[in-house]
Amino acid sequence: MSDLVSLAHVLQKKYALLRDLDKSLQENQRQNEQRCEKEIDDIRRGRTGNATPNTSLTHFSEEALDEQKHSVRIADEKVALAMQAYDLVDMHVQQLDQYMKKSDEEMRREKESAAANIEGSGKAGKAGEGGRGGRKKTRLATAASTAAASTGMSSSGMDLDLPVDPNEPTYCICNQVSYGEMIACDNNECKIEWFHFGCVGLKEQPKGKWYCPDCATVKKSRKGR
């Protein structure tokens, strides 16, 4: 940002100098045109007169030629100054392009890393399905962003531009992928098996056996018979 601010100041100075050179060039050209017109008139009068034409009036004076050369020098200075301004802007544009490419590469790596974490989370979930026996699953998400990315949603409910593995298993009554703390129903015939703490109203791991709402209802109905 500081480079861009300094660039603006440098360009402002160069443009101001260009304006000054342009004014000087216009004034010098105006004076030279007036001088040349006068000298042309003098040459014409010398040739049409009765007297022998003065050979000194057959070409422009040294003053007129010097003014023309000075105009060329001013024009060359304007071109050189304009090229300096162009090269300066072009250098900053190239630096900005390099920064953008580097930033895009970092973002691509972050997305690939997030996708790899999601895939690893899915495989871990599949591996954990075999170990039931009344054990509680209390796997914590490594970060809130990873949990949100697994569902394809951010904490504010907005879609994240992250790839989601379509083969990742879903759990719980919310039918979402594994994230945060989860608990296994102790009913070996439970159709859902794993539940997020928040979806079943849990804040901490319960003591003893735990049954999901559906299995708990079925268990109570059987006891009532």
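Because only heavy atoms are used, hydrogens play no part in the values below, and waters and symmetry mates are left out as well, while side chains stay in. All values derive from a computational prediction rather than experimental measurement.
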**Student:** Mind checking salt bridge (charged side-chain N to carboxylate O under 4.0 Å, His left out) for Lys38 and listing every partner two or more places apart, or none if nothing turns up?
**Tutor:** Asp42
**Student:** State the SG-CH2 distance between Cys215 and Trp210, to the nearest 0.5 angstrom.
**Tutor:** 8.5 Å
**Student:** State which residues pass side-chain hydrogen bond (donor to acceptor under 3.5 Å, both in side chains) with Glu77; sequence neighbours excluded, sorted by chain then number.
**Tutor:** none
**Student:** Show the numbers, then the answer: is there a side chain to side chain contact (heavy atoms under 4.5 Å, CB included) between Ile40 and Phe60?
**Tutor:** CA-CA 8 Å; Ile40 290 173; Phe60 290 122; 3.7 Å; yes
**Student:** Could you tell me if the side chain of Ile173 sits less than 4.5 Å from the side chain of Pro213, heavy atoms only?
**Tutor:** no
**Student:** Considering residues at least two apart in sequence or located in another chain, which fulfil the side-chain hydrogen bond (donor to acceptor under 3.5 Å, both in side chains) criterion with Asp76?
**Tutor:** none
**Student:** Ring centres of Tyr179 and His196 under 6.0 Å apart?
**Tutor:** yes
**Student:** Give the table of side-chain donor-acceptor pairs shorter than 3.5 Å for residues 82-91, with sequence neighbours excluded, one pair per line with atom names and distance.
**Tutor:**
{"residue": "Gln84", "atom": "OE1", "partner": "Lys14", "partner atom": "NZ", "Å": "3.0"}
{"residue": "Asp90", "atom": "OD2", "partner": "Gln94", "partner atom": "NE2", "Å": "3.0"}

**Student:** Treating Ser221 as the side-chain partner and Val218 as the backbone partner, does any N or O pair qualify as donor plus acceptor under 3.5 Å?
**Tutor:** yes
**Student:** How far does CG of Asn175 sit from SG of Cys199, to the nearest 0.5 angstrom?
**Tutor:** 10.5 Å
**Student:** Any chance you could measure Cys185, atom SG, to Phe195, atom CZ, to the nearest 0.5 Å?
**Tutor:** 5.5 Å
**Student:** Return the set of residues passing side-chain contact (heavy atoms from CB on, under 4.5 Å) with Asp41 (not counting sequence neighbours), or none when no residue passes.
**Tutor:** Arg44, Arg45
**Student:** How long is the span from the CD1 atom in Ile74 to the CG atom in Leu21, to the nearest 0.5 Å?
**Tutor:** 7.0 Å
**Student:** Can you get from Ile183 to Tyr211 by hopping between Ile, Leu, Val, Met, Phe, Trp and Tyr side chains that sit under 4.5 Å apart?
**Tutor:** no
**Student:** Checking Gln31 now: which residues fulfil side-chain contact (heavy atoms from CB on, under 4.5 Å) with it, not counting sequence neighbours?
**Tutor:** Glu27, Glu67
**Student:** Under the rule for salt bridge (charged side-chain N to carboxylate O under 4.0 Å, His left out), what residues qualify as partners of Lys78, not counting sequence neighbours?
**Tutor:** Asp22
**Student:** Just how far is it from atom NE2 of His92 to atom OG of Ser6, taken to the nearest 0.5 Å?
**Tutor:** 5.0 Å
**Student:** Honestly curious: do Leu65 and Val72 fall in one hydrophobic cluster under the side-chain, below-4.5 Å linking rule?
**Tutor:** no
**Student:** Taking side-chain contact (heavy atoms from CB on, under 4.5 Å) as the definition, give me every residue that meets it alongside Gln29, ordered by chain and number, with sequence neighbours left out.
**Tutor:** Leu25, Ser71
**Student:** Residues two or more places apart in sequence or in another chain: which of them pass side-chain contact (heavy atoms from CB on, under 4.5 Å) with Ser61?
**Tutor:** Arg35, Glu39, Glu63, Ala64
**Student:** Does Arg108 have any side-chain hydrogen bond (donor to acceptor under 3.5 Å, both in side chains) partners at least two apart in sequence or in another chain, and if so, which?
**Tutor:** Glu105, Glu112
**Student:** Let me confirm one number: the OH-CG distance from Tyr15 to Leu81, rounded to the nearest 0.5 Å.
**Tutor:** 9.5 Å
